[in-house]
Amino acid sequence: MTIQANEQKQIIGVVGAVSGKVKTENRELKTGDKIYLDEMIISSVNSGAQILLLDQSTFTIGADSEVVMDTFIYDPKKNDGVIVANVKKGS
């Protein structure tokens, strides 16, 4: 996947912290990286990440996990939103 392809996807947040090895299907993640809707986040054993979502909430991914953010709807005018995550493995 190229950077141009990512730019067309919906950004839902950024990586706030990473411990150990955390990646998507296409790239290893580091603090500050953008997270996109429908992107699988995969953490290794003894690894994890904290995602800072656009609505100012946090989403923590535990060790040895696979998580996909399926839905992210946020209305900043109403300070209201919905997030749906599919935890395929782990926490």
Side-chain angles (χ1 to χ4, degrees):
M1 177 179 294
T2 65
I3 292 173
Q4 289 177 337
N6 274 345
E7 289 174 356
Q8 295 172 4
K9 291 185 176 184
Q10 179 185 345
I11 297 171
I12 62 168
V14 297
V15 178
V18 174
S19 174
K21 185 176 181 180
V22 180
K23 62 181 185 169
T24 68
E25 294 170 305
N26 303 310
R27 61 194 169 112
E28 190 161 339
L29 294 174
K30 61 186 182 309
T31 301
D33 283 350
K34 294 175 183 173
I35 299 297
Y36 300 93
L37 191 64
D38 294 325
E39 191 169 44
M40 182 177 296
I41 302 167
I42 305 160
S43 65
S44 300
V45 176
N46 298 322
S47 300
Q50 185 177 61
I51 310 300
L52 305 174
L53 301 171
L54 294 179
D55 66 358
Q56 304 301 310
S57 63
T58 59
F59 192 94
T60 302
I61 298 170
D64 198 24
S65 297
E66 294 180 12
V67 178
V68 176
M69 306 291 186
D70 293 325
T71 303
F72 183 78
I73 301 168
Y74 176 59
D75 182 350
K77 292 177 184 173
K78 295 180 181 178
N79 198 27
D80 188 30
V82 173
I83 184 163
V84 177
N86 183 350
V87 180
K88 295 181 181 272
K89 175 175 130 179
S91 61

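- Here Lys89 contributes atom NZ and Met40 contributes atom CE; the two are 10.5 Å apart, rounded to the nearest 0.5 Å.
- Grouping Ile, Leu, Val, Met, Phe, Trp and Tyr by side-chain contacts under 4.5 Å, direct or through others, puts Leu54 with Ile12, Val15, Val18, Val22, Leu29, Ile35, Leu37, Ile41, Ile51, Leu53, Phe59, Ile61, Val67, Met69, Phe72, Tyr74, Ile83, Val87.
- Residues meeting the side-chain contact (heavy atoms from CB on, under 4.5 Å) test with Lys78, sequence neighbours left out: Asp75, Asp80.
- Using a 4.5 Å heavy-atom cutoff, the side chains of Asp70 and Asp38 are in contact.
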Apply side-chain hydrogen bond (donor to acceptor under 3.5 Å, both in side chains) to the pair Asn26 and Thr24, showing each step before the final yes or no.
CA-CA 5 Å; Asn26 303 310; Thr24 68; 4.9 Å; no
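- A side-chain donor-acceptor contact under 3.5 Å links Ser43 to the backbone of Ser65.
- Rounded to the nearest 0.5 angstrom, Ile42 CD1 and Lys23 NZ are separated by 5.5 Å.
- Here the straight-line distance linking atom CG of Asn46 with atom NZ of Lys21 works out to 13.5 Å at 0.5 Å rounding.
- A salt bridge links Arg27 to Glu39: at least one charged side-chain nitrogen sits closer than 4.0 Å to a carboxylate oxygen.
- In this structure, Glu28 CD and Ser44 OG are separated by 8.0 Å, a value rounded to the nearest 0.5 Å.
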